[in-house]
Amino acid sequence: MKILVVGGGGREHALVWKLRQSPRVEKIWCAPGNGGIAAEAECVGIDAGSVSALVELAEKLQPDLTVIGPELPLVNGVSDVFHQRKWAIVAPSAQAAQLEGSKIFSKEFMERHGLPTARRYGTYEQASQAYAALDGVRWPLVIKADGLCAGKGVLVAKDKEEARDFIERSLEKRELGPGGQRLLFEEALEGEELSFILLTDARSYAALVPTRDHKRAFDGDQGPNTGGMGAYSTDDLLPAALRETILSTIVEPVMHGLAADGIRYKGFLYIGLMLTKSGPKILEFNCRLGDPETQAILARADFDLAEVLADVAAGRLQAGKLKWRPGASACLVLASGGYPGKFATGKRIEGLAAAERIPGVKVLHAGTIRQTGASDGVEIITSGGRVLGVTATGSNLDAALASAYQGAAEIHFDGMHYRKDIGGHAAALRGGAAV
Ligand code: AMP
């Protein structure tokens, strides 16, 4: 099989890493890829958000299968164009991608099918109506910009002042761009969050192993939100009874809803849940794998990913083929100094080989590029906010975390920072509970 992977972050590096382990894979291209992927696949420097560029590339390369990582090409309709041409692709349709691309579409889908979710107060395009609606809500209030806003589209507003500021920035000053021109107000849910990710060919589905990610920049869930500073996976995150509840009250009704609406969904569906006192409720859908959850999930994959993804594209997914390693995995994100704010790039990274010599450790690249160094050797240089994902497996969570932290300690670049408490690591070091 010749496979084209689209995207250039840690998630795509994890996909390439696992696809390469399949004996049936003869060639992998990655568009655009990154400095780590370049060692494992042929990188093609194109704009991954552009459907026409992807079609042109696939026409030239003729891959047997295309796998899409990020949401932008999905929302832009890459799946539909490939589908028309009968090219095998793992990617939900543009309509399906609206589950992520439009919070209002997604809320309407949930309401139409009676799915458990936060109650909606209303949707607003006019700032005056949005301000007026603040008199009739409970606090905190959740405000969601309708469209894609690079992770800045959701605010849990604790009071009117915060809410007014967000409304002003989105509806009046248009600071969030086109994604912020409509707002959805909904009730704030309380509980613990859990990501539940499925792989589906629209007919059947397979649940991936459970993961939890850490969104805040600093230890103790302090500091600004980021794309994700780490993730871990262990079956303990999802007791059997809770798994059954999620499958019966969330996943099955979601699958029925997709079928009833005629939404063509071949790919990964990420369901963000809040485990409330009255049961699990849906916070959001993403129409793709999460990053860095993918790194933690795929580290535990013990099956032929290329075969399974080809099955999905062909509409013959067999859930039983997805086998998982027992134990746990962890992914620590090493970020550039200043991230998620302004950060410098172009820093030389040291210690990658030493980190990978630690048993069970794989360093997955996100914001890196390869460069020929002064002595003609290859150097890996930082090129993004999230630079590397040090990923490790272990017989239990403590073991996986210990290896990942050992790996991270080998790596250095100017300004590098990472959280020391991924998966409750700090608690484990103090002798407390790991999770
Ligand atoms: P979303 O993009 O919809 O997942 O929102 C991002 C984050 O905002 C979630 O991971 C939650 O932490 C938070 N969030 C979203 N909706 C709610 C809600 N209804 N109640 C409480 N927190 C929420």
Side-chain angles (χ1 to χ4, degrees), residues 11 70-72 74-75 96-111 115-124 133-134 136-159 162-163 166-167 170 176-177 179-180 182-198 210-218 220-232 237 246 250 254 268-294 296 333 340:
R11 166 182 52 210
E71 63 276 22
L72 195 56
L74 301 173
V75 172
Q98 286 301 298
L99 288 173
E100 172 166 3
S102 164
K103 302 280 188 200
I104 296 172
F105 177 93
S106 166
K107 191 58 110 190
E108 284 167 354
F109 173 82
M110 290 187 254
E111 289 168 350
L115 298 164
T117 185
R119 188 167 65 85
R120 143 156 74 167
Y121 292 113
T123 48
Y124 310 95
L134 296 179
V137 301
R138 281 185 180 225
W139 301 92
L141 169 70
V142 179
I143 306 183
K144 298 184 173 182
D146 184 41
L148 296 177
C149 292
K152 296 188 169 51
V154 176
L155 174 75
V156 182
K158 66 175 184 312
D159 55 30
E162 272 190 10
F166 190 84
I167 295 168
S170 53
L176 299 185
R182 286 203 297 168
L183 298 180
L184 165 70
F185 288 8
E186 69 180 32
E187 75 176 324
L189 298 175
E190 278 179 44
E192 263 208 279
E193 288 187 43
L194 182 75
S195 328
F196 198 91
I197 309 178
L198 311 173
T211 49
R212 186 164 284 154
D213 70 341
H214 299 261
K215 283 267 186 273
R216 299 298 192 103
F218 309 125
D221 284 333
Q222 301 296 309
N225 255 322
T226 70
M229 293 299 289
Y232 62 101
L237 276 172
I246 292 172
I250 308 272
V254 165
F268 296 96
L269 176 62
Y270 174 115
I271 310 178
L273 297 171
M274 187 74 92
L275 305 178
T276 73
K277 278 193 198 122
S278 53
K281 294 191 177 175
I282 304 173
L283 291 174
E284 63 162 340
F285 293 111
N286 288 337
C287 54
R288 50 171 171 98
L289 282 164
D291 186 337
E293 292 96 321
T294 307
V333 171

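Both counts, for ligands and for their atoms, begin at 1 and track the order of listing.
Annotation: atom 14 (N) of ligand 1 to nearest protein heavy atom, L283 CD2, 4.2 Å. Protein heavy atom closest to atom 4 (O) of ligand 1, with residue, atom name and distance, is E284 CD, 2.6 Å. Atom 7 (C) of ligand 1 has as its closest protein heavy atom V154 CG1, 4.4 Å. In terms of protein heavy atoms, atom 19 (N) of ligand 1 is closest to E186 OE2, 2.8 Å. Atom 2 (O) of ligand 1 has as its closest protein heavy atom K103 NZ, 2.9 Å. Looking only at heavy atoms of the protein, atom 3 (O) of ligand 1 is closest to K144 NZ, 3.0 Å. Residue, atom and distance of the protein heavy atom nearest to atom 13 (C) of ligand 1 are V156 CG2, 4.2 Å.
Side-chain atoms of E293 come within 3.5 Å of backbone atoms of D291 as a donor-acceptor pair (strictly under, hydrogens ignored). Listed for the R216 side chain is a donor-acceptor partner under 3.5 Å among the backbone atoms of G223. Using a distance-only test at 3.5 Å, with no hydrogens or angles considered, no donor-acceptor pair links the side chain of R138 to the main chain of A188.
Legend: residues meeting ring-ring contact (aromatic ring centres under 6.0 Å, His included) with F185, ordered by chain and number and at least two apart, are Y124.
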Item checked: K107 vs T117, side chain to side chain contact (heavy atoms under 4.5 Å, CB included): CA-CA, chis, key distance, verdict -> CA-CA 8 Å; K107 191 58 110 190; T117 185; 2.9 Å; yes

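Nearest approach of S106 to F285, heavy atoms of both residues: OG-CD1, 3.5 Å.
In terms of N/O distances under 3.5 Å, ligand 1 is approached by L189.
Heavy-atom contacts of E187 reach the following atoms of ligand 1: 18 (C), 19 (N), 20 (N) (cutoff under 4.0 Å). Each of the atoms 19 (N) of ligand 1 lies under 4.0 Å from some heavy atom of A118. Taking a cut-off of under 4.0 Å to the non-hydrogen atoms of M274, the atoms of ligand 1 that pass are 21 (C), 22 (N). Contact atoms of ligand 1 toward A188: 20 (N) (distance under 4.0 Å to a heavy atom of the residue).
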For residues 140-148, run the donor-acceptor check on the side chains, cut-off 3.5 Å, and write out each pair with its distance to 0.1 Å, sequence neighbours left out.
{"residue": "K144", "atom": "NZ", "partner": "E186", "partner atom": "OE2", "Å": "3.0"}
{"residue": "K144", "atom": "NZ", "partner": "L283", "partner atom": "O", "Å": "2.9"}
{"residue": "D146", "atom": "OD1", "partner": "S102", "partner atom": "OG", "Å": "2.7"}
{"residue": "D146", "atom": "OD1", "partner": "K103", "partner atom": "N", "Å": "3.1"}
{"residue": "D146", "atom": "OD1", "partner": "I104", "partner atom": "N", "Å": "2.8"}
{"residue": "D146", "atom": "OD2", "partner": "S102", "partner atom": "OG", "Å": "3.4"}
{"residue": "D146", "atom": "OD2", "partner": "R182", "partner atom": "NH2", "Å": "3.2"}

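Residue contacts with ligand 1 for E193 involve side-chain atoms from C-beta outward but no N, CA, C or O (heavy atoms, distance under 4.0 Å).
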